[in-house]
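Here's the structure, in structure tokens; my notes come after.
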Amino acid sequence: MEAIPVLEDLTQFQSYRAPIDLTFNQYLLAGSLPILVHTGDMDTAGELEPRVRSLLGSRLLAFIVISHFESDECGGLRRWLDRFPEASPVCSEVTARQLAGFGISRTALVRKPGELLEAGDWTLEFLAYPAEMHLWEGLVAFERRRRILFSADLFIRRGLPRPAIQGLVWRDEVEGISPAQVPAPDARAALQTTLAVLPVEYVAPGHGPFLKAGA
Ligand SMILES: [Fe+2]
Ligand SMILES: [Fe+2]
């Protein structure tokens, strides 16, 4: 696992899995109310915890943002909640139901598309992301002040990213969302319409390099 300081107060943790030629990324937004984006799976969470603790210092983890219910996005959640009892999971209503069904009883902060999470100097706006099983509603998060889209399984790249930060052309990225990613044409079109008007400067995906407009 590598810790890459991609922006001030924003660290990308990146683990490369050679058999599938893909990195798995988590992010720590280390402000006065720190946010973890993606838990990693159970093994990853164990490796990540001491790294997050060393960056947090005396601060407590405030929020754990979960895009959708898959093991890389939230498989390690139970471990994080055991070790950070003050942290609140933040997710869609559907994801909250999944968590409850798997016996994770900590009440999640449910966010609907368009709603915000104010966390000190970070402001996340949530957008609908049809990612769940049956294309149920998950979330991606747009950080308004620095204009970073935490895009989960959108805008991902295979391989071990070198350099760690790569360029993006936002319109091309949005147009490139494929039927393999969102198979329902209506859902894909709605997602593309929503994303196209976002003033994105950076993309922080769940897999692949951190992306910067114009880099
Ligand atoms: Fe996923
Ligand atoms: Fe993922």
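Counting convention: from 1, in listed order, for ligands and their atoms alike.
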Mind jotting down which residue pairs meet the side-chain hydrogen bond (donor to acceptor under 3.5 Å, both in side chains) criterion with at least one end in residues 22-36? Sequence neighbours excluded, please.
->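 Matches after skipping sequence neighbours: Gln12-Tyr27, Thr23-Asn25.
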Atom CD of Glu70 and atom CD of Gln98: how far apart are they, to the nearest 0.5 Å?
->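 Rounded to the nearest 0.5 Å, the CD-CD separation comes to 11.0 Å.
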Tell me the salt bridge (Lys or Arg N to Asp or Glu O under 4.0 Å) pairs involving residues 34-48, sequence neighbours left out?
->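 Applying salt bridge (Lys or Arg N to Asp or Glu O under 4.0 Å) to every pair that reaches into residues 34-48, excluding sequence neighbours, yields nothing.
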Which heavy-atom pair separates Ala152 from Ser67 by the least distance, and what is that distance?
-> CB-OG, 3.2 Å
Taking only residues two or more places apart in sequence or in another chain, which ones pass ring pair (Phe, Tyr, Trp, His ring centres under 6.0 Å) with Phe24?
-> His207
Could Arg111 and Glu137 be called an ion pair, given the rule that one side-chain N must be under 4.0 Å from one carboxylate O?
-> no
At a cut-off of 2.8 Å, protein N/O/S around the Fe ion (ligand 2) gives Asp72 OD2, Glu73 OE2, Asp153 OD1, His207 NE2
